[in-house]
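For reference, the structure is listed below as structure tokens.
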2 protein chains.
Amino acid sequence: MMPISVAPMPAAAPPQREAVRHGSVNCSSCAMRNVCMPCGMSEEDFARLDELILTSRKVRRGEVLYRTGDPFQSIYAIKAGSFKTVVTLRDGREQITGFHIVGEPLGMDGICNEQHTCDAIALEDSVLCIIPFRVLESLCRELRPMQRHVHRLMSGEIIRESGLMMLLGSMCAEERVSAFLLNISQRLQARRFSGTEFNLRMTREEMGSFLGLKLETVSRMLSKFQKEKLIDVQGKLIRILDADGLRRV
Amino acid sequence: MMPISVAPMPAAAPPQREAVRHGSVNCSSCAMRNVCMPCGMSEEDFARLDELILTSRKVRRGEVLYRTGDPFQSIYAIKAGSFKTVVTLRDGREQITGFHIVGEPLGMDGICNEQHTCDAIALEDSVLCIIPFRVLESLCRELRPMQRHVHRLMSGEIIRESGLMMLLGSMCAEERVSAFLLNISQRLQARRFSGTEFNLRMTREEMGSFLGLKLETVSRMLSKFQKEKLIDVQGKLIRILDADGLRRV
DNA sequence: CGCTGGATTGACTTGCGTCAACATACGTGG
DNA sequence: CCACGTATGTTGACGCAAGTCAATCCAGCG
């Protein structure tokens, strides 16, 4: 795996495979601005921001963004594509702790110990904004809306995970799969994508790992929902036919 | 186990039911100062802190500190005692998402939406420091070590939960119970309590809810570990006889 | 066009849940 | 301080949801 280059390159720098810096990477004109940035910021504040968040990075499908133990330097905002985060036990067993889609933050696990506690791997070719955390911290001390936004992002992650614990701790296989589909649907919708028809970027095995189920069980539940006319499944393409029915499962 | 008295009561202070404010509640002289506060703060910084964090609160066993939906105003530091946090599903099923002991923070789930997303209930008579979040935010914008500390606390919570997901998603009953015991042991030890002999404040059912198991299963696993001479169980009193053995489970 | 990784489906197994009986600890009021 | 009633905890017998194993199907890609 490549180390992540974060520091802005001087103007004369040759083109790089990894992090790139150019004028088009800025927040004030980003399509994701509203999902990514706090409201209550003036144009002036945005100008400040553009000076600080300078690099973006492409990650190809299957490529590792960061690994457990990597020194923590930046958090990331997913501009395009999607990722999975994976935790590994000593004995080699691994579990996916999250799928992360466009507009969502990534990497906040690293803040606590200055190093990452999971692996982040692209599920498809993706693009990220790299936000150097030290810079972000300074910014938070100057701009109150930014401070609040960062706190919300972190707290949001805490809530997301406790919802997951609920799922893993007290739902049966059928409920887990339906909750998963509804969750993906709702997050896509929040990002103005279709919430009724979407492509799952992960395999059945990855879904299973995330949901605490075996891939066969995931597959059986999807077939079951299809038989019940709640969804339409064509491999990775899912169409939700009866969201309420799914919710009632 | 005796409740741990942390702040001395001034002789003349009238007894209070809820939040109390008096000079003796301060961070610079608190026994938990090192677990609770960032290092790198000057005595001067601590003096600032003492002005801002003014109140403590007693909560009796079984009493609710905050409930799902309550407006979020403060985070808490547990000075003495312990708490459980509980998430409830629409249909009434509930799951315990955490046990929180002396020296640990509580309430950060509320930051995201300005309201709490779980119930926090005392497992025994407990004492908390109340830290008004708006005040803490200001403080973070002024004191860099404090800012970093708060970020670490939040990130620590994210990591804690992803460990839990690992447990719930990929461990069998036996492993869950042993991981739980080792985790409690390690946290007590970090707070300078005995890590080899301790009183569980929660019931088997509560343990089960947390671990995604039924109370009977928890009980069976504890009996099994006792038979294997890994632990000694006397109701809620646990003595760890062979921590390495437990780790190997 | 055939190979490979992923998905589906069926048959069988098993770990944990369920139900039930009994034991023990705990708190409250006499 | 004791007695009783209720909470909580333990243990056993049995059932079922999900795991395991295996055969087959399918799609994407070189």
Side-chain angles (χ1 to χ4, degrees), chain A residues 60-62 84 93-96 99 121 123-125 167-181 199-228 230-239 249, chain B residues 1 60-63 84 93-96 99 121-125 167-181 199-228 231-239 249:
Chain A
R60 327 212 96 243
R61 180 195 151 101
K84 62 175 175 181
R93 265 180 303 181
E94 49 181 56
Q95 191 186 348
I96 293 175
F99 296 111
I121 298 165
L123 290 172
E124 59 191 308
D125 295 356
L167 179 142
L168 291 169
S170 66
M171 287 162 92
C172 69
E174 191 184 24
E175 294 171 315
R176 291 183 198 197
V177 175
S178 86
F180 174 73
L181 293 174
N199 237 299
L200 295 173
R201 312 315 297 223
M202 72 295 290
T203 66
R204 301 288 190 257
E205 184 169 21
E206 288 170 324
M207 264 190 264
S209 167
F210 179 65
L211 296 173
L213 300 171
K214 294 286 139 176
L215 67 96
E216 294 93 331
T217 307
V218 173
S219 180
R220 276 187 248 271
M221 293 306 145
L222 291 175
S223 302
K224 183 160 175 289
F225 292 156
Q226 184 162 42
K227 215 168 294 169
E228 295 167 349
L230 300 176
I231 62 174
D232 184 63
V233 187
Q234 313 257 54
K236 294 197 191 302
L237 182 70
I238 303 284
R239 195 140 22 105
V249 160
Chain B
M1 197 196 272
R60 327 213 95 241
R61 179 195 153 104
E63 214 185 304
K84 63 175 176 180
R93 267 182 300 184
E94 49 181 57
Q95 191 185 347
I96 293 175
F99 296 111
I121 298 165
L123 291 172
E124 59 192 308
D125 294 356
L167 178 143
L168 291 169
S170 67
M171 287 161 87
C172 68
E174 191 184 23
E175 296 171 314
R176 291 182 199 196
V177 175
S178 86
F180 175 73
L181 293 175
N199 235 298
L200 295 173
R201 311 313 303 220
M202 72 293 291
T203 66
R204 301 287 190 258
E205 184 169 22
E206 287 170 326
M207 265 190 264
S209 167
F210 180 65
L211 296 172
L213 301 170
K214 294 285 138 176
L215 66 98
E216 294 94 330
T217 307
V218 173
S219 179
R220 276 187 248 271
M221 292 305 145
L222 291 174
S223 302
K224 184 160 174 289
F225 292 155
Q226 182 161 43
K227 216 169 290 169
E228 295 166 351
I231 62 175
D232 185 64
V233 187
Q234 313 255 58
K236 294 196 193 303
L237 182 70
I238 303 283
R239 194 138 23 104
V249 160

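So you know, we letter chains A, B, ... as the sequences are listed, proteins then strands, and number each from 1. In this text the structure is predicted, and so the values were computed from the model without any measurement.
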Between A:E175 and B:R93, is the closest basic N to carboxylate O distance under 4.0 Å?
-> yes
Could you tell me whether the side chain of A:R176 and the main chain of A:L211 form a donor-acceptor pair under 3.5 Å?
-> yes
Would you find a donor on one side and an acceptor on the other, under 3.5 Å apart, between the side chain of A:D125 and the backbone of A:R60?
-> no
Tightest non-hydrogen contact, residues B:T217 and B:A173, listed as CG2-CB, 3.7 Å
Kindly determine whether A:L181 and A:L230 satisfy side-chain contact (heavy atoms from CB on, under 4.5 Å), including the steps that lead there.
-> CA-CA 11 Å; A:L181 293 174; A:L230 300 176; over 6 Å; no
Taking CD1 from B:I231 and C1' from D:dT10, how many angstroms apart are they, rounded to a whole number?
-> 14 Å
Find out whether A:L200 and A:F180 are in side-chain contact, i.e. whether some heavy atom of one side chain is under 4.5 Å from a heavy atom of the other.
-> yes
Atom-pair distance (CG on B:N199; C1' on C:dC26), nearest Å | 14 Å
For atom CD of B:Q234 and atom C1' of D:dT10, their distance in whole Å | 14 Å
May I have the distance from B:R204 (atom CZ) to C:dA25 (atom P), rounded to whole angstrom?
-> 12 Å
What does C:dT24 pair with, Watson-Crick or G-U, if both distances are under 3.5 Å?
-> none
Measure from NZ on A:K224 to P on C:dT9 and round the result to the nearest Å.
-> 14 Å
Separation of D:dT6 C1' from B:E205 CD (nearest whole Å) | 15 Å
Is a salt bridge present between A:K224 and A:E228, judged by a nitrogen-to-oxygen distance below 4.0 Å?
-> yes
Could you check how far CD of B:E175 sits from P of C:dG15, rounded to whole Å?
-> 12 Å
What form does the base of C:dA25 take, syn (within 90° of 0) or anti?
-> anti
In B/S/- notation (B base, S sugar-phosphate only, - none; protein heavy atoms under 4.0 Å), nucleotides 11-18 of chain D written 5' to 3' is BBB----S
Partner nucleotide of D:dA7 by Watson-Crick or wobble geometry (both distances under 3.5 Å) | none
Nucleotide D:dG9, atom C1' - distance to NZ of B:K236 in whole Å | 9 Å
Detail all sub-3.5 Å separations between protein N/O atoms and N/O atoms belonging to nucleotides 23-29 of chain D.
none

Does any N or O in the side chain of A:S209 come within less than 3.5 Å of the main-chain N or O of A:E205, such that one atom is a donor and the other an acceptor?
-> no
So, do A:F99 and A:R201 sit near enough that their side-chain heavy atoms are less than 4.5 Å apart?
-> no
